[in-house]
Amino acid sequence: MKILVIGGGGREHALAFKINQSPKVDKIYCAPGNGGTLELAENIDIDVDEIEKLLNFAKEKKIDLTVVGPELPLVRGIVDRFQSEGLNIFGVDKISARLEGSKDFSKKFMERHRIATARYIDFDDLEEAERGISNFSYPLVIKADGLCAGKGVVICQDEEMAKKTLKEILQDRCFGSEGSKIVVEEFLDGEETSLLCFVSGGRIIPMESAKDFKKIYEGDKGLNTGGVGCHSPSSLMDKELMDKIKKNILVKIEEGFKIDKMDFRGILFIGLMIVDGEPKVLEFNVRFGDPETEVLMPRLDSDIVDIFQKTIDGNLREEDLRWKKEECITVVATSKGYPEIYEKGFLIEGIDKLDKDIILFHNGTKKTDNELFTNGGRVLSFTALGENLDQAREKLYSNIDRVSFKGMKYRKDI
Ligand code: AMP
Ligand code: GLY
């Protein structure tokens, strides 16, 4: 089979790594890919939102299956477009993608189907919003409705900050039309965890749990990032919590899909806040997480290509997902300055000195003249499996300093 993976981050490298293990696969293309995917795939210079170019490429190369990594092409309708031309593609359709593409749509879905989430009000008018925030105490959370590259959520500590944020989004349009609407919601104080699921034939089938570390500094201090470390399983996710999630959340989402006639086939990534032992939904994503994929793919025992195809065909079953007993950890090396301003283009050295059992996923690298350079805020995901997390962690941290680039940073407490 010929497979096309769309995207160019650590998530797509991890997907390509797992796809490459399938005996069915002869050739992988990655668009646009990165310095790491080059080792398994042929990188194609097409961006993730160039849907017509991707479609023509898939036709020309007779791609058997396209796998979509990021949300942007899903929200723009890549799956509907490919399917209208008879092409086989893994990902949700445009309507289902609204669960990630519009906070308002997703909050209304949760409200309609009585799924536990933070209380909210939506606004599209600045003056109404300024009056409406008096219905909330502080801190409160303001979310731009659309896709804002992970920057559309602002936790406001006081009224001054809330008013400033409302003005920036609704009046100054700092997120353009993605911020033409906003959601204001109550702040949930608890512990965060995520659950990634395959959805197929109306059934939600959870993967193993994973805990993402979002803050840039040790001890969960500093700014929010896309995620700078992850381990699987998540220490939070015990059987009692999982049972509550199934009963109070997953079953209701399944019912919601049925009632709303949503033909959701693909990945549902549920961001959860556990408040006093009760799970509440923070957000839905309709794609694999990054860095969650970097710890989940090495733990997955089954053939991912079979799983993708069964999901598309609507007949995936829980027993199709087989997991290794080993546990997995990933630590992301970032550029100095990330998640704010950072420089790119620094030489990366020492990869050949890593032990053979360290899996290195590339988030943001570029190969030029056979040398590897930094090419993003998140650069490399060092990944290790072990009998348990302690063992994996020890293996990983004893290797990571063998690799270096100027300004390299990583968290030591994943
Ligand atoms: P979201 O994109 O909605 O997941 O928001 C990004 C991050 O903001 C989440 O991962 C949380 O850390 C935080 N967040 C979002 N909504 C809330 C909320 N209602 N209460 C507390 N934290 C939140
Ligand atoms: N790790 C969080 C995300 O992929 O959105």
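Computed from a predicted model, the values in this text were never measured in an experiment. Along the sequence shown, the residues carry numbers beginning at 1. Start at 1 and go down the list; that is how both ligands and their atoms are numbered.
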Trainee: Quick one: do the Glu292 and Ser194 side chains pair a donor with an acceptor below 3.5 Å?
Mentor: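 Yes, side-chain donor-acceptor contact under 3.5 Å.
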
Trainee: If you measure from CD1 on Ile28 to NZ on Lys2, what distance do you get to the nearest 0.5 Å?
Mentor: 13.5 Å

Trainee: Would Lys344 and Phe346 count as a cation-pi pair here, with the cationic atom under 6.0 angstrom from the ring centre and within 45° of the axis?
Mentor: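 Because its charged atom misses either the 6.0 Å distance or the 45° angle limit, Lys344 does not stack over Phe346.
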
Trainee: One pair to check against ring pair (Phe, Tyr, Trp, His ring centres under 6.0 Å): Tyr29 and Phe57. What are the steps and the verdict?
Mentor: CA-CA 10 Å; Tyr29 296 95; Phe57 178 82; 5.1 Å; yes

Trainee: Tell me whether Lys211 forms a cation-pi arrangement with Phe213, defined as NZ or CZ under 6.0 Å from the six-membered ring centre and within 45 degrees of its axis.
Mentor: yes

Trainee: Give the atom numbers and elements of ligand 2 that come within less than 4.0 Å of a heavy atom of Gly226.
Mentor: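 So the atoms of ligand 2 that pass are 1 (N), 2 (C).
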
Trainee: For ligand 2, which part of Glu100 has a heavy atom less than 4.0 Å away: the side chain, the backbone, both, or neither?
Mentor: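 Glu100 to ligand 2: no contact under 4.0 Å from either part.
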
Trainee: Can Arg402 be said to sit on top of Phe382's aromatic six-ring, NZ or CZ under 6.0 Å from centre and within 45° of the ring axis?
Mentor: no

Trainee: Check contact between Gly227 and ligand 2, using heavy atoms of the residue and a distance below 4.0 angstrom.
Mentor: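 No.
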
Trainee: Would you call His362 and Leu38 a side-chain contact if the rule is heavy atoms closer than 4.5 Å?
Mentor: no

Trainee: When only distance counts, is Lys214 in polar contact with ligand 2, meaning an N/O pair under 3.5 Å?
Mentor: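 There is no such contact.
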
Trainee: Check for me whether Pro291 has a heavy atom closer than 4.0 Å to any atom of ligand 2.
Mentor: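 It does, in that a heavy atom of Pro291 comes within the 4.0 Å cut-off of ligand 2.
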
Trainee: Name the atoms and distances for all side-chain donor-acceptor pairs under 3.5 Å in residues 107-115, with sequence neighbours left out.
Mentor:
unit_1: Lys107; atom_1: NZ; unit_2: Thr117; atom_2: OG1; d: 2.9
unit_1: Lys107; atom_1: NZ; unit_2: Ala118; atom_2: O; d: 2.8
unit_1: Lys107; atom_1: NZ; unit_2: Glu185; atom_2: OE1; d: 2.8
unit_1: Lys108; atom_1: NZ; unit_2: Asp104; atom_2: OD1; d: 2.9
unit_1: Lys108; atom_1: NZ; unit_2: Asp104; atom_2: OD2; d: 3.0
unit_1: Glu111; atom_1: OE1; unit_2: Tyr120; atom_2: OH; d: 3.2
unit_1: Arg112; atom_1: NE; unit_2: Asp260; atom_2: OD2; d: 3.4
unit_1: Arg112; atom_1: NH2; unit_2: Asp260; atom_2: OD2; d: 2.8
unit_1: His113; atom_1: NE2; unit_2: Asp260; atom_2: OD1; d: 3.3
unit_1: His113; atom_1: NE2; unit_2: Asp260; atom_2: OD2; d: 2.9

Trainee: Under the criterion side-chain contact (heavy atoms from CB on, under 4.5 Å), which of Asn388, Asp390, Val295 is the partner of Glu327?
Mentor: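 Checked Asn388, Asp390, Val295 against Glu327; only one passes side-chain contact (heavy atoms from CB on, under 4.5 Å): Asn388.
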
Trainee: For ligand 2, does Glu292 get within less than 4.0 Å through its side chain, its backbone, both, or neither, judged by non-hydrogen atoms?
Mentor: side chain

Trainee: Distances for all N or O pairs of ligand 1 and the protein under 3.5 Å?
Mentor:
unit_1: ligand 1; atom_1: 2 (O); unit_2: Lys103; atom_2: NZ; d: 3.2
unit_1: ligand 1; atom_1: 2 (O); unit_2: Glu283; atom_2: OE1; d: 2.9
unit_1: ligand 1; atom_1: 3 (O); unit_2: Lys103; atom_2: NZ; d: 3.3
unit_1: ligand 1; atom_1: 3 (O); unit_2: Lys143; atom_2: NZ; d: 2.9
unit_1: ligand 1; atom_1: 4 (O); unit_2: Glu283; atom_2: OE1; d: 3.2
unit_1: ligand 1; atom_1: 4 (O); unit_2: Glu283; atom_2: OE2; d: 2.8
unit_1: ligand 1; atom_1: 10 (O); unit_2: Glu192; atom_2: OE2; d: 2.5
unit_1: ligand 1; atom_1: 10 (O); unit_2: Lys214; atom_2: NZ; d: 3.3
unit_1: ligand 1; atom_1: 12 (O); unit_2: Glu192; atom_2: OE1; d: 2.6
unit_1: ligand 1; atom_1: 12 (O); unit_2: Glu192; atom_2: OE2; d: 3.3
unit_1: ligand 1; atom_1: 16 (N); unit_2: Lys143; atom_2: NZ; d: 3.0
unit_1: ligand 1; atom_1: 16 (N); unit_2: Glu185; atom_2: OE2; d: 3.4
unit_1: ligand 1; atom_1: 19 (N); unit_2: Glu185; atom_2: OE2; d: 2.7
unit_1: ligand 1; atom_1: 19 (N); unit_2: Glu186; atom_2: O; d: 3.0
unit_1: ligand 1; atom_1: 20 (N); unit_2: Leu188; atom_2: N; d: 2.8

Trainee: Using a 6.0 Å cut-off, check whether atom NZ of Lys258 has over 12 heavy atoms from anything other than its own residue.
Mentor: no

Trainee: Looking only at protein heavy atoms, identify the closest one to atom 2 (C) of ligand 2 and say how far it is in Å.
Mentor: Asp212 OD2, 3.4 Å

Trainee: What residue and atom, counting heavy atoms only, is the protein's closest point to atom 3 (C) of ligand 2, and at what distance?
Mentor: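 Answer for atom 3 (C) of ligand 2: Arg287 NH1, 3.6 Å.
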
Trainee: What atoms in ligand 2 come closer than 4.0 Å to a heavy atom of Gly289?
Mentor: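 Once the distances to Gly289 are compared, the set is 4 (O).
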
Trainee: Salt-bridged, Glu52 to Arg81, with N to O below 4.0 Å?
Mentor: yes

Trainee: If you measure from each non-hydrogen atom of Phe269 to ligand 2, which part falls under 4.0 Å: side chain, backbone, both or neither?
Mentor: side chain

